[in-house]
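Computation of the quantities below employed the complete heavy-atom set of this structure, encompassing side-chain atoms and omitting hydrogens, waters and symmetry-equivalent molecules. All figures in this text were calculated on a predicted structure; none of them were measured in a lab.
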Amino acid sequence: MNAQHIDVAYIAKLAKIELSAEETEQFSADLNRILDYVAKLGEWDTEGVEPMYHPIPAYDAVRADIPGESLSNETALSNAPAATDGQFRVPKVVESAH
């Protein structure tokens, strides 16, 4: 991929970001350096190298899913500022998309 074909001003417009001419030039140069580095990585021989899914060994720290005692509905709602029909009542935060 050649960075000269990537229109930073167009990408900024899609992202609704206003960039000055200097910023556009700087981001283009940064993008060129990143793409050059990625191309250089592609030159390495990785034949026989197992894929790495995480840079640090990760262990499952999630506890066992064992059923236990839970709160009653009344206890769970006891400090709720508003409840209706046994459920938390919250203010609307998202307007309809229609």
Show the atom names and distances, to 0.1 Å, of all donor-acceptor pairs under 3.5 Å that link a side chain in residues 43-53 to residues at least two apart or in another chain.
residue : atom : partner : partner atom : Å
Asp45   : OD1  : Glu47   : N            : 3.1

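- When each of Ile6, Asp7, Val8 is tested with Ser28 by the rule side chain to side chain contact (heavy atoms under 4.5 Å, CB included), just one qualifies, namely Val8.
- For Ser78 and Thr75, the side-chain atoms include no donor-acceptor pair closer than 3.5 Å.
- Judged by distance alone, the side chain of Glu23 and the main-chain N or O of Ser20 form a donor-acceptor pair under 3.5 Å.
- Taking OG1 of Thr24 as the reference point, atom CD of Glu18 lies at 11.0 Å (rounded to 0.5 Å).
- Rounding to the nearest 0.5 Å gives a distance of 5.0 Å between CG of Leu77 and CZ of Phe88.
- Note: Gln26 CD to Leu19 CG = 11.5 Å, rounded to the nearest 0.5 Å.
- The residue from Leu35, Ile34, Leu41 that alone fulfils the side chain to side chain contact (heavy atoms under 4.5 Å, CB included) condition with Tyr37 is Leu41.
- For Asp36, the salt bridge (charged side-chain N to carboxylate O under 4.0 Å, His left out) test picks out no residue, with sequence neighbours left out.
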